[in-house]
Amino acid sequence: MTFEVVTIFPEYFESPLKVGLLGKAIERGLIKVRLHNLRDFATDKHHTVDDKPFGGGEGMLFKPEPLFRALETLKKQPPKPRIVYLSPQGRLLTHEVARELASCERLVLLCGRYEGIDERIREHFVDDEISIGDYVLFGGEAAALVLIEVLSRLIPGVVGCEDSVAKDSFADGLLKHPQYTRPRNFLGYEVPEVLLSGNHAEIERWRRRKSLEVTFERRPELLKKARLTEEDRAYLKHLKRERLRLYLALVHYPVVNKEGRKIASSFTNLDLHDLARVARTYGLKAYYLVQPLSDQRAIMEELLAFWLSGPGARHNPDRAEALKLVRLRRSLEEVLQEIREAEGQPPVMLATDARPLRPALPYEEAGRIIRSGQPTLILLGTAWGLAPEVLERADHFLAPIPGALDDYNHLSVRSAASIIVDRLLREVV
Ligand code: 4G0
């Protein structure tokens, strides 16, 4: 494989191309890297490669002519190269994109600087635009080096042991399991016993499970594309069951009314059924209804009895299965006490509020808390929302569900709750 690097700083690449396995691969002729100084393709006496953007604004751009000449020169030599431009606007480099590019015999890597290159070169002379991540570098050189390293590893013979490339993170779409070397005891920290057992089948199984665990905790979205066996799937199912300790509480007191006064709200039958079915569908451990008013509680008790042991249970057992998760409690205090007793630790409290006291916790981060196995309680307010005394006790706030087009944001609490639970468990269920 040949890389033709077009850059104004060829010297940037000197030592990276000399050292380690990449240096070896170049020495052995497995890959070739040719450096081309863009300035050599400029025709004026100062070898100018950049100019100011039309329309004004910050910074400089690479002008089209030297780039065009460099590309024409390289395109004249066989085999036909693929022209790759490294830029933050490119498609993200992943293991999959790398495999696709590794099938090319010859790549031209265009390294931009400043604010990039003239759009006409990008549009008419570039085959592929690649970004190594969502951040901006001074120039495309470091990105080109990353691409060279990633692709080189995929070329047979570059990494001594083919097996180790196959077992790398991402080769099968999973993150790598933890690894240990001597000493067995380091500052009192031990190496997992199984790795010392000499039982290779057992060790392989442990490693696979750790891979699945690490991926589940940190990058659950990778699991969708990962190559998983039936045994992997069974283990993931077990992990989810063990880790998901999620509770929902629909608070009817203390909440506030339109005027901001503290009130108790009345039950809504729709909330009872719909949120119980959400709880059962998403594997929540319980759905609490917080209500101190005894006449309200009496109505709810009657409804629950109808579905759990009365005619409703005989007629519709699926509904009973959902409503079994409902716990009618007098106060939030009771709820917290009960979860603390069941889980051995107090839950992380996630409150929903239209105007949170503190910046909202992104849903992905809340998802990570849940996947880590910490018991978690989602607090939902009725009426005009949770009273300040409840909000103050929350560990984090979840951002309200925004409308798609404007500020209109009047979802029912059960609609919002469904969306919230789905966002939190998006990658998990
Ligand atoms: C093109 C690549 C190139 C445009 C290059 C900057 C990050 C990457 C450059 C710009 C780079 C990456 C618009 C600032 C050079 N930075 N993520 N810097 N702009 O792959």
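Index from 1, following the sequence. Atoms within a ligand are numbered from 1 in the order they appear, just like the ligands themselves.
- Evaluation of the side chain to side chain donor-acceptor pair (under 3.5 Å) test over residues 45-54, restricted to residues two or more places apart or in two chains, returns D44-T48.
- Among residues at least two apart or in separate chains, side chain to side chain donor-acceptor pair (under 3.5 Å) pairs with a member in residues 172-183 are D172-R208.
- Geometrically, R329 does not engage Y288 in a cation-pi contact defined by less than 6.0 Å to the ring centre and at most 45° from the axis.
- Applying the ring-ring contact (aromatic ring centres under 6.0 Å, His included) test to pairs two or more places apart or on separate chains, those with a residue in residues 227-248 are Y235-H238.
- Heavy atoms only, all atoms of each residue included: A142 and L137 are closest at CB-CD1, 4.2 Å.
- Among all heavy-atom pairs drawn from E141 and F9, the shortest one is OE2-N, 4.2 Å.
- Using a 4.0 Å heavy-atom criterion, the residues that approach ligand 1 are Y85, L86, S87, P88, Q89, G112, Y114, E115, G116, S131, I132, G133, Y135, V136, L137, G139, G140, A143.
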